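Just so it is clear, the structure is predicted and the values come from calculations on it, not from any experiment.
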Amino acid sequence: LLQTCQVQNGDIIAQCVERSLHMSIGMLAIMMAGGVYCPLNPSDPVDRLKTLIEDTGACIILTHTATINRFDDH
């Protein structure tokens, strides 16, 4: 996150993954990079997810193969 995405302290990073070890790893990576963790529920409707992203000002969205299609137009 630091090298590839140039995350700065306080950047809001959303994560939309199902509960798994990947979720925990993502949370830790966000916090270790100095980012602010914003969880997104993959079962929420796409419009709600988009609204949450816009309202929080998240600059990055972390996903995995099961949820990446939720953000095809983002």
Side-chain angles (χ1 to χ4, degrees):
L1 288 174
L2 291 173
Q3 292 176 351
T4 305
C5 301
Q6 291 80 39
V7 171
Q8 302 292 318
N9 281 338
D11 283 352
I12 299 171
I13 303 171
Q15 182 180 28
C16 185
V17 298
E18 295 166 348
R19 290 182 188 240
S20 65
L21 181 59
H22 294 115
M23 181 181 189
S24 299
I25 292 169
M27 288 170 56
L28 288 172
I30 292 166
M31 291 186 277
M32 290 180 70
V36 177
Y37 173 69
C38 175
L40 299 176
N41 187 345
S43 62
D44 281 348
V46 174
D47 289 340
R48 175 162 170 72
L49 295 174
K50 288 179 184 179
T51 300
L52 288 170
I53 292 165
E54 291 170 7
D55 287 352
T56 61
C59 58
I60 298 170
I61 306 167
L62 297 181
T63 63
H64 61 97
T65 55
T67 59
I68 194 159
N69 62 346
R70 309 278 288 160
F71 304 97
D72 286 337
D73 64 340
H74 239 65

Q: Report the C-alpha distance between Ile13 and Leu62 in whole Å, list the side-chain angles of each, state the deciding distance to 0.1 Å, and finish with yes or no for side chain to side chain contact (heavy atoms under 4.5 Å, CB included).
A: CA-CA 7 Å; Ile13 303 171; Leu62 297 181; 4.1 Å; yes

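A donor-acceptor contact shorter than 3.5 Å is absent between the side chain of Thr67 and the backbone of Pro42.
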Got a list of side-chain donor-acceptor pairs under 3.5 Å for residues 17-41, not counting sequence neighbours?
unit_1	atom_1	unit_2	atom_2	d
Ser20	OG	Glu18	O	3.2
Ser20	OG	His22	N	3.2
Asn41	OD1	Ser43	N	3.0
Asn41	OD1	Ser43	OG	2.8
Asn41	ND2	Ser43	OG	3.3

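The SG atom of Cys16 lies 10.0 Å from the CG atom of Leu52; values are rounded to the nearest 0.5 Å.
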